[in-house]
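Single-structure report; data block below.
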Amino acid sequence: MTREQPRLRSQLLTWLLVPLALLLIADAFVSYWIALEFSRRAYDRSLIEIAHEISLHLRGPAEALELDLPEAARRVLLTDPSDRIYFGVSSADGRAIAGVAVPAPSGKIVHGPHAEALYDAVIGNAPVRVVEYRPDLDGRSRQRAVVVRVAETEVKRRDLAREILLSVVAPQVLLVLLAGLIVWAGVAHGLSPLERLRKAVASRKPYDRSPVEVTDIPAEVRPLLQSINGLLGRLDRVLTAQSRFVADAAHQLKTPVAGLQAQLELALRQQDTAQMRASIGMLQKGLDRLARLVSQLLSLARNEPAAAISVRLAPIDLNALALEAASSWVPEALAKSIDLGFEGASAPVMIEGDAERLRELMDNLLDNAVRYTAPGGRVTLTVSATPLPSMSVNDDGPSIPSEERARVFERFHRLLGTRYDGGSGLGLAIAQEIARIHGTSIALADDSDGIGNAFSVTFPFPGKTEARDLDSM
Ligand SMILES: Nc1ncnc2c1ncn2[C@@H]1O[C@H](COP(=O)(O)OP(=O)(O)OP(=O)(O)O)[C@@H](O)[C@H]1O
Ligand SMILES: [Mg+2]
């Protein structure tokens, strides 16, 4: 089962909407609580005033107090359109003086400005708010002998609470919904360049490697577009190189194969054995040349950037490898009376490399040097460790003109007048690809003695080859 990938849009919405909603809910809660608290205080104050008013109507000495509350005053004080108001006056020791029994304080008590106690209680199943007031009747007595309690049912308090709830919370809910809509629209708008980019990439034809164009792309998304285009560019280079290779190979193989067919037909028509032998000898030469061409083409394919990505470089001794290569070319050089020398370093020269490929690079350079140097000339393979590990092949062949120095590394490019006709112009191209795999390139200069050419390769410090950038090829 694949886990569903988190979607950017829902993530953004969650991160924006949930905190926003929580904030608004908290705000509604606080506003509601504050409004309720203020209205409770206002109602409590009017309850306190009633208690004070009643206490003003107490008459007589402390032991025999009476309440003298005229009917008219009683009506004004104790009548309310929505609530019932109860009062009770008793002595400090609990003797009832007037009114009904109102419960004594219990639970949470709030104190009023003149030491009144305000608390919640129940009278006949109905919740009530009560104020208890102990008036100082003669202004002197420290022991206040009378307790006045006034209780009021909570109908209008509840009504008000409901009204406040509606008037505070309803707009907040509306605000949450509106904010949600705005955030939703904002996120959709903000993500639209990504959607356009997705469409532009998705609607590509399989072989279209031109850069993706999306207008009005924000700065944050531009690097993504640039990376996609960079990738397309690299893909284009690799695919172009590959199709060029296939075209080159087809073109280069066609002629020798046709030649071989013609030679074979000629040989078959020969009656004379000696002539037939001569034809077969030609055929063999042609086959050898074809075999070399095929192996060179394969080598080129093997060393192309796309194929070379998987090459693993390992520490090897450049000095030993070069000595081996030079030794193997001695018989060839001797046959041409060429003095092939090796000037190695005194100690191993370690580099990060691929031995088989480096050997091919040396072989190709030595092959050219021995081939194009006239008999009696000198070819020297040098390896040195400082300042950086390097190798060079110096020869006495015809100097390659400076305007041709870059071109000889191109595929199938051969200098005009090159006499040897067995080559196909791939040796240096292959060598250059191998150098690139090693994070370097082959440099071509005049030989230090002024005669011939010097092909040299300088290797980066061991460990630095990791930095080779196949992408930039
Ligand atoms: N050491 C050299 N001295 C003089 N000319 C050279 C030398 N090396 C290369 N060249 C010139 O550069 C051309 C390209 O060399 P490259 O090795 O790529 O191909 P090639 O030798 O012609 O064929 P092959 O594919 O068999 O190597 C050669 O044809 C030759 O003209
Ligand atoms: Mg060559």
Side-chain angles (χ1 to χ4, degrees), residues 241 244-245 248-257 259 285-304 322 325-326 328-330 332-333 335-342 357-382 391-437 441-457:
R244 196 186 68 174
F245 170 76
D248 282 351
H251 180 75
Q252 294 297 322
L253 288 171
K254 222 162 27 192
T255 323
V257 168
K285 268 193 191 160
L287 259 176
D288 285 349
R289 215 177 292 165
L290 182 67
R292 179 167 150 79
L293 174 63
V294 168
S295 91
Q296 276 184 317
L297 283 171
L298 289 177
S299 168
L300 199 58
R302 226 161 50 96
N303 292 304
E304 264 189 342
S328 77
W329 280 91
V330 168
E332 197 95 5
K336 266 194 79 179
S337 316
I338 285 172
D339 173 10
L340 174 58
F342 174 68
R357 286 183 163 86
L358 281 177
R359 177 63 200 270
E360 191 173 352
L361 182 154
M362 293 174 187
D363 282 344
N364 286 3
L365 293 183
L366 287 169
D367 177 41
N368 285 350
V370 171
R371 195 181 302 284
Y372 301 119
T373 297
R378 277 168 72 106
V379 171
T380 313
L381 174 58
T382 312
M391 56 154 284
S392 71
V393 175
N394 300 49
D395 63 35
D396 283 350
S399 279
I400 298 173
S402 49
E403 67 275 13
E404 286 282 350
R405 281 183 185 162
R407 299 205 60 199
V408 289
F409 291 100
E410 288 174 10
R411 295 158 181 208
F412 308 111
H413 186 77
R414 310 189 72 203
L415 296 188
L416 278 176
T418 301
R419 262 172 296 150
Y420 161 66
D421 64 351
S424 43
L426 287 176
L428 286 179
I430 294 168
Q432 191 65 287
E433 297 285 14
I434 293 174
R436 280 187 183 156
I437 290 174
S441 62
I442 303 176
L444 168 53
D446 284 331
D447 189 9
S448 47
D449 61 8
I451 310 162
N453 310 288
F455 290 86
S456 58
V457 189

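No experiment lies behind these values; they were computed from the predicted model shown. Remember, it's 1-based here, ligands and their atoms both numbered in the order they're listed.
Taking 2.8 Å as the criterion, N368 counts as a coordinating residue of the Mg ion (ligand 2), since one of its N, O or S atoms falls below it.
Looking only at protein heavy atoms, the nearest one to atom 4 (C) of ligand 1 is P398 O, 3.4 Å. Scanning the protein for heavy atoms near atom 18 (O) of ligand 1, the closest one is L428 N, 2.8 Å. If you check which protein heavy atom lies closest to atom 23 (O) of ligand 1, you get G425 N, 3.0 Å. Among protein heavy atoms, the minimum distance from atom 14 (C) of ligand 1 is reached at H413 O, 3.3 Å. In this structure, atom 31 (O) of ligand 1 lies nearest to the protein heavy atom T418 OG1, 2.8 Å. Of all protein heavy atoms, the one lying nearest to atom 9 (C) of ligand 1 is N368 ND2, 3.5 Å. Closest to atom 21 (O) of ligand 1, if we only count protein heavy atoms, is Y372 OH, 2.7 Å. Regarding atom 3 (N) of ligand 1, its nearest protein heavy-atom neighbour is N453 ND2, 3.1 Å.
In the model, S299 has a side-chain atom that pairs as donor or acceptor with a side-chain atom of E360 under 3.5 Å. Looking only at atom types and distance, the side chain of W329 has no donor-acceptor partner in the side chain of D367 under 3.5 Å away. Remark: the Q252 side chain and the S424 side chain contain no N/O donor-acceptor pair separated by less than 3.5 Å.
The shortest N/O to N/O separation between S424 and ligand 1 falls below 3.5 Å. Taking distance alone, with nitrogen or oxygen atoms compared against 3.5 Å, G427 approaches ligand 1 more closely than that limit. Every N/O-N/O distance between A429 and ligand 1 stays at or above 3.5 Å. For ligand 1, the polar-atom distance check finds no N/O of G397 at less than 3.5 Å from any of the ligand's N/O atoms.
Contacts between T373 and ligand 1, counted as non-hydrogen atom pairs separated by less than 4.0 Å, are absent for every part of the residue. The side chain of D395, and not its backbone, has at least one atom closer than 4.0 Å to an atom of ligand 1 (non-hydrogen atoms only; side chain from C-beta on). With a 4.0 Å cut-off on non-hydrogen atoms, Q296 touches ligand 1 through its side chain and not its backbone.
Residue contacts with ligand 1 leave out R371, since none of its heavy atoms falls under 4.0 Å from the ligand. Ligand 1 lies less than 4.0 angstrom from a heavy atom belonging to F455.
For R436 and E304, the salt-bridge test fails: no basic side-chain N is under 4.0 Å from an acidic carboxylate O. The residues R405 and D446 are annotated as salt-bridged, a charged nitrogen and a carboxylate oxygen being separated by less than 4.0 angstrom. Using a 4.0 Å cut-off between charged side-chain N and carboxylate O, D363 and R359 make a salt bridge.
In terms of modelled atom types and a separation under 3.5 Å, the side chain of N453 and the main chain of P398 share a donor-acceptor contact. Between the side chain of K336 and the backbone N or O of V370 there is at least one donor-acceptor pair closer than 3.5 Å. With hydrogens and angles disregarded, no donor-acceptor distance shorter than 3.5 Å links the side chain of K254 to the backbone of A249.
Separating the CG atom in L300 from the CZ atom in F245 is a distance of 5.5 Å, to the nearest 0.5 Å. Atom CD1 of residue I430 and atom CD of residue Q432 lie 12.0 Å apart, to the nearest 0.5 angstrom.
Near R292, the atoms of ligand 1 lying under 4.0 angstrom from a non-hydrogen atom of the residue are 24 (P), 26 (O), 27 (O). Taking a cut-off of under 4.0 Å to the non-hydrogen atoms of V408, the atoms of ligand 1 that pass are 12 (O), 14 (C), 18 (O).
Atom CZ of R371 has more than 12 neighbouring heavy atoms from other residues, nucleotides or ligands inside a 6.0 Å radius.
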